[in-house]
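A single structure is presented below for examination.
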Amino acid sequence: WSLGGSFIDGPRGIIGGTRSNLFGRGLEGTAQLKLNYFNWSLPILTSSQTADTLKAQNSASNFFGFGGRLTAGLRDQQLWFIPSERVGGSFNLVAERVIKPVYRLSRAAAQLLLDWHIARTVALALSGQLEAVDIQKPAGLEQIIDRLTPADLQQLRFEGRSLLGSLQPGITVDFRDNTTNPHSGWLFGAQAELTHSLFDTDPTMPQSFYVKPSVQANAYLPLGETVV
């Protein structure tokens, strides 16, 4: 567990744990809870108008200024029904509530992930996710859009209540000398996230579809015995 905070989210506490060999089948279970109290954040404490508005909204929503994220998951390093291949899988559940000065978001998601090590240095991954999103935006958002963070902009790509389905294939090529403490070699990863809205409560809103590709490459060059 840990305690901390941020200027935007307010005081924050985290508690979590991991347990191995669940049910005697080699399953790994994880759970984590993050809670933050937005009413003691910098936007609330420095602006009386913002404070009055958001405190009223948060009290009306029965969360009273609390946001957070709850995750729970199961992972099997070697799926029992594919014994001849190095295929692992995991299943995760997520419940999240985000409170920001310019929007409020509630989200629940279920995710299934498969990863297949086809060689010592090459792994393929495929994940599928189903999530329900409820996001509330204030009027005049376009006037402050240039001051939002990339994470905020990603959250604001949808509006109202939506049911979203997504697939995310990926590949990783790992030529590092050590996966946990590398001193030489390189790591390459590429993936694409394909998301489509399955249901919108507002019939005037068009169906959403987007593709988000990403590529990452890291090289490790030893400059001495203790410097990389």
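Just so it is clear, the structure is predicted and the values come from calculations on it, not from any experiment. Because only heavy atoms are used, hydrogens play no part in the values below, and waters and symmetry mates are left out as well, while side chains stay in.
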Inset, instruction - Flag the pair Y220 / N218 as yes when at least one side-chain heavy-atom distance between them is below 4.5 Å, and no otherwise. - result: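 The answer is yes; the side chains approach within 4.5 Å.
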
Legend entry - Side-chain heavy-atom pair L187, V173 within 4.5 angstrom cut-off: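 SC-SC contact between L187 and V173 ruled out.
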
Inset, instruction - For residues V211 and F209, determine if any side-chain heavy atom of one lies less than 4.5 Å from a side-chain heavy atom of the other. - result: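 Side-chain contact under 4.5 Å: yes.
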
Legend entry - E96 vs V98, side-chain contact (heavy atoms from CB on, under 4.5 Å): CA-CA, chis, key distance, verdict: CA-CA 7 Å; E96 184 177 21; V98 178; 3.7 Å; yes

Inset, instruction - State plainly whether one hydrophobic cluster holds both L79 and I118, where clusters connect Ile, Leu, Val, Met, Phe, Trp and Tyr through side-chain heavy atoms under 4.5 angstrom apart. - result: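 In one cluster: yes.
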
Inset, instruction - Output yes when R97 and D134 qualify as a salt bridge under the 4.0 Å nitrogen-oxygen rule, no when they do not. - result: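 No salt bridge links R97 with D134.
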
Inset, instruction - To the nearest 0.5 angstrom, please state how far the NZ atom of K34 sits from the CD1 atom of I15. - result: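 Output value for this atom pair is 13.5 Å.
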
Inset, instruction - Report the C-alpha distance between R107 and E131 in whole Å, list the side-chain angles of each, state the deciding distance to 0.1 Å, and finish with yes or no for salt bridge (Lys or Arg N to Asp or Glu O under 4.0 Å). - result: CA-CA 7 Å; R107 172 176 173 263; E131 61 179 321; 2.6 Å; yes

Legend entry - Side-chain heavy atoms of R161 within contact of V133, under 4.5 Å: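 Sidechains of V133 and R161: no contact.
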
Inset, instruction - Please step through side-chain contact (heavy atoms from CB on, under 4.5 Å) for the pair L223 and V228, ending with a clear verdict. - result: CA-CA 5 Å; L223 302 180; V228 178; over 6 Å; no

Inset, instruction - Locate the shortest heavy-atom distance separating G13 from L3; write the atom from each residue and the value. - result: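 In terms of heavy atoms, the two residues are closest at CA-CD2, 3.9 Å.
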
Legend entry - Derivation and outcome, side-chain contact (heavy atoms from CB on, under 4.5 Å), residues H183 and N181: CA-CA 7 Å; H183 291 83; N181 188 24; 3.5 Å; yes

Legend entry - Between OG on residue S90 and CG on residue D115, distance to nearest 0.5 Å: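 It is 7.0 Å, given to the nearest 0.5 Å.
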
Legend entry - Path from V94 to L70 over hydrophobic side-chain contacts below 4.5 Å: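 No; L70 is not reachable from V94 via cluster members.
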
Inset, instruction - Could you tell me which non-hydrogen atom of V215 sits nearest to which non-hydrogen atom of A190, and how far apart they are? - result: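 Looking at all heavy atoms of both residues, the shortest contact is CG2-CB, 4.2 Å.
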
Legend entry - Heavy-atom closest pair, residues S127 and L113: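 That would be CB-CD1, 3.6 Å.
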
Legend entry - CA sep, side-chain torsions, deciding dist, call: L35, R12, side-chain contact (heavy atoms from CB on, under 4.5 Å): CA-CA 6 Å; L35 279 179; R12 179 174 58 220; over 6 Å; no

Inset, instruction - Identify the two heavy atoms, one from A217 and one from F188, that lie closest to each other, and give their separation to 0.1 Å. - result: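 Reported closest heavy-atom pair: CB-CD1, 4.3 Å.
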
Inset, instruction - Could you state whether L74 and L112 fall into the same hydrophobic cluster, counting links through intermediate Ile, Leu, Val, Met, Phe, Trp or Tyr residues with side-chain heavy atoms under 4.5 angstrom apart? - result: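 Different clusters: L74 never reaches L112 through Ile, Leu, Val, Met, Phe, Trp or Tyr contacts under 4.5 Å.
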
Inset, instruction - Might you point out which heavy atoms bring T121 and F175 nearest each other, and give the distance in Å? - result: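 Between these two residues, the closest heavy atoms are OG1-CZ, 3.8 Å.
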
Legend entry - Inter-residue atom distance S197.OG - Y210.OH, 0.5 Å rounding: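 Taking OG in S197 and OH in Y210, the distance rounds to 10.5 Å.
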
Legend entry - Closest non-hydrogen atom pair, A110 against L93: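 Residues A110 and L93, closest heavy atoms: CB-CD2, 3.7 Å.
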
Legend entry - Side chain to side chain, F91 and Q111, heavy atoms closer than 4.5 Å: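 With C-beta onward as the side chain, the pair stays apart.
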
Inset, instruction - Rounded to the nearest 0.5 Å, what's the gap from NE2 on H117 to CD on Q78? Could you check? - result: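 Answer for the NE2-CD pair, H117 versus Q78, is 10.0 Å.
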
Inset, instruction - Can you measure from CG (L33) to CZ (R69) and round to the nearest 0.5 angstrom? - result: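 Going from the CG atom of L33 to the CZ atom of R69 covers 11.5 Å.
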
Inset, instruction - Using modelled atom types only, decide if a donor and an acceptor are shared between the side chain of H196 and the backbone of L194 within a distance under 3.5 Å. - result: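 Looks like no, no N/O pair under 3.5 Å.
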
Legend entry - Given Q216, Q168, K212, the one that forms side chain to side chain donor-acceptor pair (under 3.5 Å) with Q191: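 Testing each of Q216, Q168, K212 against Q191, the sole residue satisfying side chain to side chain donor-acceptor pair (under 3.5 Å) is Q168.
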
Legend entry - D174 and T172: side chain donor to acceptor below 3.5 Å: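 No pair is found: no donor N or O on one side chain lies under 3.5 Å from an acceptor on the other.
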
Inset, instruction - Could you tell me the separation between the OG1 atom of T18 and the CD atom of E28, rounded to the nearest 0.5 Å? - result: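 Between atom OG1 of T18 and atom CD of E28 there are 5.5 Å.
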
Legend entry - Hydrophobic cluster identity match, V87 and L124, side-chain contacts under 4.5 Å: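 Per the 4.5 Å side-chain linkage, V87 and L124 are co-clustered.
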
Inset, instruction - Give a yes or no on whether I135 and L164 share a hydrophobic cluster (residues Ile, Leu, Val, Met, Phe, Trp, Tyr; joining criterion: side-chain heavy atoms under 4.5 Å apart). - result: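 In one cluster with I135: L164, yes.
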
